[in-house]
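In what follows, a single structure is set out as structure tokens and then discussed.
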Amino acid sequence: MSVLDMIEKENDIKRLDPRLWPQLAQEIREFLIEHISRTGGHLASNLGAVELTMALHLVLNFPEDKLIWDVGHQSYTHKILTGRKAGFEHLRQYGGMSGFPKRTESDCDCFDTGHSSTSVSAGLGFARARDLRGESYHVVSVIGDGALTGGLAWEALNNASDLKTNFMIVLNDNKMSISENVGGLSKHLASLRTARDYQEFKSDVHSSLERRPYGDRVARRIHKMKSSLKQLLIPGMIFENMGVTYLGPVNGHNLTDMVQIFQEAKKVSGAVVVHVQTDKGRGYLPAELNPDRFHGTGPFVVETGQPVKAKEKPDYTDVFSAALCRVAAKQEDIVAITAAMADGTGLKRFRSQYPERFFDVGIAEGHAVTFAAGMAAAGLHPVFAVYSSFLQRAFDELVHDVCIQNLPVIFAVDRAGLVGADGETHQGIMDLSYLSLMPNMTVMAPKNKWELADMLWFASRWQGPVAIRYPRGQAYDGLKEFRSRIEYGRSEWLYEESETVIFAVGNMVQQAMKVRELLHQKGRSCSLVNARFVKPVDADAVKKAAQSHRLIVTMEENLLHGGYGDAVGECLEKTGQDTRLLCFGIEDQFVPHGSVSELHAQLRLDPESVAAKIEEVLLG
């Protein structure tokens, strides 16, 4: 019987002989590599956090104690140790186990996560609630060094300094977020990694004084000069200067040391940061050598680390990457900004070609937007490449710092629409709604890879904020024959017939083509319009459609509320026509994980469902 088979539920790890701990860690790594190679998922981060998670489970009691993971993509070992090993057969698949903590999955998951820099705030909330309710459980937040670049984490640390009861913050320092960390905080943590001498010196001094006469008086005098001593031996000592106790650093792959320091941390009356150093990808050489590649991976061959299915065609991120470099070659005022996602958003090529015009601000989307606004106000034309669901973290900055001043910032909104396996926290289904409500903002969506490049050229010459949203996955290369010049606020009529007209947004043009074919098979006539501009809506196109069709249909991969369909409805009302409007999008809900095709079917956005509903309306 393997050691891993002895773990059936939470707290089973406590029954193991400590001599079996290394074997359990090895078996967990083998289990993760085997299963993620088949389903895909977050590998490097989980391999690096195996012993860290085991140590926390050895000192905490579940589900009474509360463990909150920042982002949560590194919680796979936690899931294994809480009895969810069988769930890895269908990890991140429709109806299967989530790749992130989920309260609906287990009582041992106390808080749903998916984005970075939130764990300290949530943990502090638990700690305050615990104290108010007179309870006594332990609260632990695990946050990575990359996530500490997020402002929310520092707001929470500042607030946590007032806490008088125990709250443990585990800083998982692997020198990485998704890409290599940047900035002053990263350098500060590097200095802390040499701080063990200070901790040992401090302990020796206090122990010695306790055994001597007048030791208390001397200790008080030493306390007054403590800040100077810290600054001398540990540059910054930022945590203790904020009023938060600091312990560490400790080897994140030495279980004995971590169990000991976590037990000590549990005794601290107040917030305490435990600095743990880990190696991302540990135990699997391909992930150790290339942690970026194995941050989030599809199925791969274990022996080589190579993808099971090689990418046959460029995806939209690749197309954006190449197009941006072409634009930058012509326009020297173009600069590129990422929030710790240079590889994921396609800016790695730009960084290589134009390093002096490339800026990685860390995991700080709000700062990235205002930083871009400042650059635009100073005469540059910044491009902020960001995932759709990450951009929503900068809503205030979009409104106040960019749109009010009507500054020429380009937002390359990647992963817009349904993204699949990452689930609710990553589905980009709100950007059309929240971007469209902002005055001065222009919102565009390309139908294929050529139009994405054309829209980027257009946006680079527009003197105001522009968002170009495009989906995850392979770039559509159909409809190449339709490549008319982009005119501000004008849609593109692809096919002009009668009866029904479909206005499709971005990647839904490809779906609308299939709907049109299905309607033709039923003897129906169907026009097709590529919306191009979600804001402003092409009012003339809507009026023309209303005058010559019985039914206007909109298709978008976005929430219906506040989306493109709503805007078309407002235009239609102004025409005075009684043409019927049918809107296809996502109802008022969050969308779970699953493949995009499965989610389309579940949401009734697949071509068959759309065509059937159109036929039903026409017959009615």
Ring geometry between Phe239 and Trp154 (parallel below 30°, tilted from 30 to 60°, perpendicular above 60°): parallel

Salt bridge present between Arg29 and Glu51 (N-O < 4.0 angstrom): yes

Side chain proximity check, Tyr476 to Leu452, heavy atoms < 4.5 angstrom: no

Check: Phe371 ring centroid to Phe384 ring centroid under 6.0 Å: no

Exercise: identify the closest heavy-atom pair between Pro408 and Pro382: O-CD, 3.6 Å

Side-chain touch Phe358/Leu347, heavy atoms, less than 4.5 angstrom: yes

Within 6.0 Å of CZ in Phe590, more than 12 heavy atoms from elsewhere: no

Pair Lys102-Glu424, salt bridge (Lys or Arg N to Asp or Glu O under 4.0 Å): steps then yes or no: CA-CA 11 Å; Lys102 283 281 178 256; Glu424 295 98 325; 3.6 Å; yes

No-hydrogen, no-angle side-chain donor-acceptor test under 3.5 Å, Tyr246 and His275: yes

Any donor-acceptor N/O pair, Ser321 side chain to Gly346 backbone, under 3.5 Å: yes

Separation of Glu598 CD from Tyr94 OH (nearest 0.5 Å): 7.5 Å

Leu380 CG to Asp333 CG distance, which is reported to the nearest 0.5 Å: 6.5 Å

Worked verdict on Asn172 versus Leu52 for side chain to side chain contact (heavy atoms under 4.5 Å, CB included): CA-CA 8 Å; Asn172 179 18; Leu52 167 59; 3.8 Å; yes

Salt-bridge present (Glu288, Lys280; N to O < 4.0 Å): no

Considering all heavy atoms, the nearest Gln474-Tyr316 contact: O-CE1, 3.7 Å

Side chains of Val142 and Leu67 in contact at under 4.5 Å (non-hydrogen atoms): yes

Val71 backbone acceptor or donor facing Thr113 side chain under 3.5 Å: yes

Flag, side chain of Asp70 to backbone of Ser119, donor-acceptor distance under 3.5 Å: yes

Charged N-O contact under 4.0 Å between Arg38 and Glu89: yes

Approximate separation, where rounding is to 0.5 Å, of Asp360 CG and Ile337 CD1: 10.5 Å

Side chain Gln331, main chain Ser460, donor-acceptor under 3.5 Å: yes

4.5 Å side-chain heavy-atom contact, Val534 and Ser436: yes

Flag if over 12 foreign heavy atoms under 6.0 Å of CD, Glu332: no

Backbone N/O of Val419 and side chain of Gln427: donor-acceptor pair under 3.5 Å: yes

Leu432 backbone acceptor or donor facing Lys535 side chain under 3.5 Å: no

Polar contact flag, side-chain donor to acceptor under 3.5 angstrom, Asn558-Ser433: yes

Member of Asn507, Asp315, Thr317, Asp422 meeting the side-chain contact (heavy atoms from CB on, under 4.5 Å) criterion with Arg472: Asp422

Backbone N/O of Leu47 and side chain of Arg282: donor-acceptor pair under 3.5 Å: no

Exam field: side chain Glu30 to backbone Ile28, donor-acceptor pair closer than 3.5 Å: no

Heavy-atom closest pair, residues Cys403 and Met441: SG-CE, 3.8 Å

Between Phe100 and His115, ring centroids under 6.0 Å: no

Which atom of Tyr488 lies closest to which atom of Pro536, heavy atoms considered: OH-CD, 3.4 Å

Between Phe294 and His42, ring centroids under 6.0 Å: no

Parallel, tilted or perpendicular: rings of His73 and His295 (30°, 60°): tilted

Shortest non-hydrogen separation from Tyr76 to Leu32 and the atoms involved: CB-CD2, 3.7 Å

Side-chain heavy atoms of Met555 within contact of Tyr564, under 4.5 Å: no

Polar side-chain atom of Asn530 near backbone of Lys447 as donor-acceptor pair, under 3.5 Å: no

Parallel, tilted or perpendicular: rings of Phe350 and Tyr354 (30°, 60°): tilted

Distance (rounded to the nearest 0.5 Å) between Glu492 CD and Arg483 CZ: 11.0 Å

Side chain proximity check, Val319 to Tyr470, heavy atoms < 4.5 angstrom: no

Side chain proximity check, Leu391 to Leu398, heavy atoms < 4.5 angstrom: yes

Atom pair CD (Gln511) and CD (Glu556), whose distance is rounded to the nearest 0.5 Å: 14.0 Å

Donor-acceptor contact present, side-chain Thr370 to main-chain His367, <3.5 Å: no

Closest approach of Arg92 to Gly41 (non-hydrogen atoms, all atoms of both residues): NE-CA, 3.6 Å

